There are 2 protein chains.
Amino acid sequence: MPSAEQTPAPRSLAERLDHLFQVIHPADRGPFSYHEVAQAIREQAGTDGPTVSHGTLQQIRTGAKTNPTIKTLEAIAAFFGVPAAYFLDDTVADRVDARLRELKAAATQSGRPVRLPADPRQDELADVLADSNIRAVAFRLAGLSPRALKGLRAIVDQVRAVEGLPEVGRAKKAS
Amino acid sequence: MPSAEQTPAPRSLAERLDHLFQVIHPADRGPFSYHEVAQAIREQAGTDGPTVSHGTLQQIRTGAKTNPTIKTLEAIAAFFGVPAAYFLDDTVADRVDARLRELKAAATQSGRPVRLPADPRQDELADVLADSNIRAVAFRLAGLSPRALKGLRAIVDQVRAVEGLPEVGRAKKAS
DNA sequence: GTCCAGTATCCACTGAAGTAGACGCAGAAA
DNA sequence: TTTCTGCGTCTACTTCAGTGGATACTGGAC
């Protein structure tokens with residue numbers, strides 16, 4: 001039952017970031033570019049939050065820099081919607097990767113949401129934010145009591161109805 | 001599941017390191033000194049591992065430096081026997097602190113120094129196994145609008161607060 | 001073919017993290 | 001008392017993480 005992941009090799013920081021780039025991206029296109037991520041982090045952070053340059057992203061991903069500061073790490077993690085501990089802790093990394101697979105499967109099942117036909121580039125941005133927000137919610141579920149989760153499930157079902165989304169059959173259980 | 005801890009959870013990096021200094025030390029004496037920790041890390045690491053100077057320890061603990069590199073963090077965490085994610089992730093920090101309290105209570109009776117030889121992350125396996133309810137919610141998130149997801153995130157955060165769970169996400173609140 | 005927009009990579013520069021020595025201040029021993 | 005030892009703090013210096021512009025490459029539009 002614990003779909004035992006057998007990626008035994010303790011992956012390096014570069015490999016972990018590369019993995020995020022490969023796995024997390026809009027469904028209808030390829031991975032993010034360094035400039036994209038850097039700019040998104042810059043906008044999302046505003047004035048208070050930490051930012052990361054495209055150069056730093058490239059250097060960390062390619063292994064040229066192996067010892068970033070925690071603020072850099074947190075900024076990157078926040079963009080991809082994963083806890084910063086993902087880069088430091090094998091256990092956290094495995095759990096996150098497992099959940100990422102679940103979310104990816106769920107997203108492909110429900111199909112792409114239809115969005116306003118505005119600027120196609122903004123459409124992609126909205127897609128990205130959606131994925132990121134899903135992860136933000138999903139990670140917050142850990143530790144909640146079954147009772148609370150049941151209540152939340154009902155709430156989400158109601159929200160789905162409001163937004164005109166189909167019901168989720170409980171038979172869906174992509175292993 | 002962790003009983004709702006009421007202790008004032010250390011939040012900032014400085015507070016967390018200070019907490020480790022206060023909690024983890026030989027039973028028959030006071031806390032470690034910076035020089036002690038620095039030298040112990042130096043010896044324990046040998047030639048390959050990362051080291052930390054006494055100045056760095058003091059600066060981080062007092063808040064003079066708030067953005068260390070991950071190798072510095074890992075070296076400190078290794079000495080105190082806690083996962084490096086302790087400094088970044090509230091959930092990990094709470095779990096470790098709970099375990100530390102247990103060990104301290106047991107150690108003060110037996111007169112042994114407080115250490116963390118065991119892996120404090122084994123508890124997370126239970127969380128993973130209890131994920132069926134989480135999956136049920138997560139599946140329903142796919143396709144929802146960013147606006148709805150943001151609202152749900154707030155709801156989940158409130159539920160977490162009600163159940164005494166720590167906040168999720170970037171723990172940093174750079175003053 | 002020529003542009004052009006977007007990409008990854010490289011690299012000189014800036015600034016902050018890390019270092020290690022100096023300093024002052026305790027408390028204990030002589 | 002003085003001396004010594006060990007402590008935390010401070011700080012000049014070194015090192016390297018982070019930045020951002022330059023560069024070259026690619027694929028598509030014309």
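Heavy atoms only: backbone and side chains are in, while hydrogens, waters and symmetry mates are out. Computed from a prediction, not measured in an experiment: that's the story for all the values here. Chain A is the first sequence line, chain B the second, and so forth, proteins listed ahead of strands; every chain is numbered from 1.
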Practice prompt. Just say parallel, tilted or perpendicular for the rings of A:His54 and A:His35, cut-offs at 30° and 60°.
Written response: parallel
Discussion item. Just the rounded figure in Å: distance from C1' of D:dT14 to CD of B:Gln59.
Written reply: 14 Å
Worksheet item: Do B:Thr72 and B:Ile60 have side-chain heavy atoms sitting under 4.5 Å apart?
Response: yes
Discussion item. The side chain of A:His35 is closest to which nucleotide in this list: C:dC11, C:dA8, D:dT11?
Written reply: C:dA8
Worksheet entry | Side chain of A:Thr62 (C-beta onward), nearest among C:dT9, D:dT19, C:dT19 | C:dT9
Discussion item. Looking at A:Ser33, I'd like to know whether one of its side-chain N or O atoms comes within less than 4.0 Å of OP1 or OP2 on C:dG6.
Written reply: no
Discussion item. Looking at A:Ser12, is its backbone amide N or carbonyl O close enough to the side chain of A:Glu15 to form a donor-acceptor pair, meaning the two atoms are under 3.5 Å apart?
Written reply: yes
Worksheet entry | Geometric cation-pi criterion B:Arg61 and B:Phe21, 6.0 Å radius, 45° cone | yes
Worksheet entry | Proximal nucleotide (of C:dT7, C:dA20, D:dG18) relative to the A:Lys65 side chain | D:dG18
Practice prompt. Specify the separation, in whole Å, of atom CD1 of A:Ile41 and atom P of D:dG20.
Written response: 13 Å
Discussion item. Quick check on B:Gln39: does its CD atom have over 12 non-hydrogen neighbours (other residues, nucleotides or ligands) under 6.0 Å away?
Written reply: no
Fill in: B:Ser53 side-chain proximity, nearest of C:dA20, D:dC10, C:dA8
C:dA20
Item to complete: Can you tell me the distance, in whole Å, between the CZ atom of B:Arg42 and the P atom of C:dG18?
Response: 15 Å
Worksheet item: Could you give the CZ-to-P distance, from A:Arg61 to C:dT7, as a whole number of Å?
Response: 13 Å
Worksheet, complete the sentence: Quick note, B:His54 side chain, CB onward, closest among C:dG21, C:dG18, C:dT7 is C:dG21
Item to complete: Would you classify B:Thr69 as touching base, sugar-phosphate or nothing, given that sugar-phosphate means primed atoms plus P, OP1 and OP2, and contacts are heavy atoms under 4.0 Å?
Response: sugar-phosphate
Worksheet item: How is B:Thr51 classified with respect to the nucleic acid when contacts are heavy atoms under 4.0 Å: base, sugar-phosphate, or nothing?
Response: sugar-phosphate
Discussion item. In this structure, how many angstroms lie between the C1' atom of C:dA17 and the CD1 atom of A:Ile70, rounded?
Written reply: 12 Å
Worksheet item: The side chain of B:Tyr34 lies closest to which of these nucleotides: D:dT19, C:dG18, D:dT9?
Response: D:dT9
Worksheet item: In whole angstrom, what separates A:Gln58's CD from D:dG21's C1'?
Response: 14 Å
Practice prompt. Find the distance B:Phe21:CZ to D:dG8:P and express it as a whole number of Å.
Written response: 8 Å
Response to the item:
Here the distance between atom P of C:dT7 and atom CG of A:Leu57, to the nearest Å, is 13 Å
